[in-house]
Amino acid sequence: MKSQQRLFARYAQHLPPGTLRWIGLRPKHRAAMLSVANCLALKELGLEGDHRSSKTPGSGRQVTLISKEFIQQIAQHRQLSHLDPAMLRRNLVIEGININALRHQQFTIGEVLIEATALCHPCSRMEQALGKGGVAAMLGYGGLCCKILSSGTIKVGDSLKVIVAQPELF
């Protein structure tokens, strides 16, 4: 276990559960997001119906995650009263948990085991979606890239629960 992973694990165990509030799939590259109530998460592939699930098996970017709180912060930076999560092109919106503390951690959403692998930085497409300054508004609020460790169904309303890492003996 890497030192940053150990540090995050120490604090992640104290996080309250979060709640899955939105699921979005991209059927093709650059296609409009489809909002769904549930979907099948496929181990080592991604979300069924999302174009990334057929790209690079085992990738650390099989699914992307952002928090409702981050979306609200981005909207505030853009002086918007509401921001549709589909505009940000993330797959899952979680509420009630500091998702930055999930980095390098494993957690469940419903019956699916997921691991957060890296920060999900905003791309230049956010300038088109949010207008000039869109990327700047998202800096630090882009969410996380994740990989699916077990297959199963996820649905809006499912809980996100952190898996407490066992300390290494040596």
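FYI, side chains are in, hydrogens and waters are out, and symmetry mates aren't considered; it's all heavy atoms of this structure.
A distance of 7.0 Å separates CD1 of Ile114 from CG of Leu160, quoted to the nearest 0.5 Å. Taken from CZ in Arg103 to CG in Asn98, the straight-line distance is 12.5 Å, to the nearest 0.5 Å. Going from atom CG of Leu88 over to atom CG of Leu130 covers 6.0 Å, rounded to the nearest 0.5 Å. Rounded to the nearest 0.5 angstrom, Leu102 CG and Ser67 OG are separated by 9.5 Å. Taken from NE2 in His82 to CD1 in Ile71, the straight-line distance is 9.0 Å, to the nearest 0.5 Å. To the nearest 0.5 Å, atom CH2 of residue Trp22 and atom CZ of residue Arg90 are 10.5 Å apart.
Between the Arg125 side chain and the Cys123 main chain, no donor and acceptor come within less than 3.5 Å of each other. Without hydrogens or angle criteria, Gln62 side chain to Ser59 main chain gives a donor-acceptor distance under 3.5 Å. No donor-acceptor pair under 3.5 Å is formed between the side chain of Arg52 and the backbone N or O of Val63.
Of all heavy-atom pairs spanning Gln105 and Ala101, the tightest one is CG-O, 3.7 Å. Minimum interatomic distance between Gly96 and Pro16 (heavy atoms only, all atoms of both residues): O-CG, 3.9 Å. Shown here for Phe70 and Asn100, the closest heavy-atom pair between the two residues is CZ-ND2, 3.4 Å.
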Please set out all donor-acceptor pairs under 3.5 angstrom arising from side-chain atoms of residues 132-156, sequence neighbours excluded.
from: Ser150; atom 1: OG; to: Leu113; atom 2: N; distance (Å): 2.9
from: Ser151; atom 1: OG; to: Lys43; atom 2: N; distance (Å): 2.8
from: Lys155; atom 1: NZ; to: Asp158; atom 2: OD1; distance (Å): 3.0

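Sorted by first and then second residue, the salt bridge (charged side-chain N to carboxylate O under 4.0 Å, His left out) pairs with a member in residues 20-30 read Arg21-Glu95, Arg26-Asp50; sequence neighbours excluded.
At least one side-chain heavy atom of Phe107 sits under 4.5 Å from a side-chain heavy atom of Leu65. When side chains are defined from C-beta on, Ile23 does not count as touching Asn91, because their heavy atoms never get closer than 4.5 Å.
Clustering ILVMFWY residues whenever any of their side-chain heavy atoms sit less than 4.5 angstrom apart, transitively, puts Leu34 in a cluster other than the one holding Leu47. By the rule that hydrophobic residues join a cluster once side-chain heavy atoms approach within less than 4.5 Å of another member, Leu42 and Leu20 end up as members of separate clusters. One hydrophobic cluster, built from ILVMFWY side chains closer than 4.5 Å, holds both Val112 and Val36. Linking Ile, Leu, Val, Met, Phe, Trp and Tyr residues whenever their side-chain heavy atoms come within less than 4.5 Å leaves Leu45 and Leu25 in two separate clusters. Linking ILVMFWY side-chain heavy atoms closer than 4.5 Å, directly or via other members, places Ile74 and Met33 in a single hydrophobic cluster.
Here Ala118 pairs with nothing under the side-chain contact (heavy atoms from CB on, under 4.5 Å) rule; sequence neighbours left out. Partners of Gln73 by side-chain hydrogen bond (donor to acceptor under 3.5 Å, both in side chains), not counting sequence neighbours, listed by chain and number: His77. Annotation: ring pair (Phe, Tyr, Trp, His ring centres under 6.0 Å) contacts of His51 (sequence neighbours excluded): His29. With sequence neighbours left out, Pro17 forms a side-chain contact (heavy atoms from CB on, under 4.5 Å) with Lys161.
Glu111 CD: more than 12 foreign heavy atoms inside a 6.0 Å radius.
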message = Under the criterion side-chain contact (heavy atoms from CB on, under 4.5 Å), I'd like the reasoning laid out for Ile66 against Ile94: C-alpha separation, chi angles, the key distance, then a yes or no.
response = CA-CA 6 Å; Ile66 193 167; Ile94 303 296; over 6 Å; no
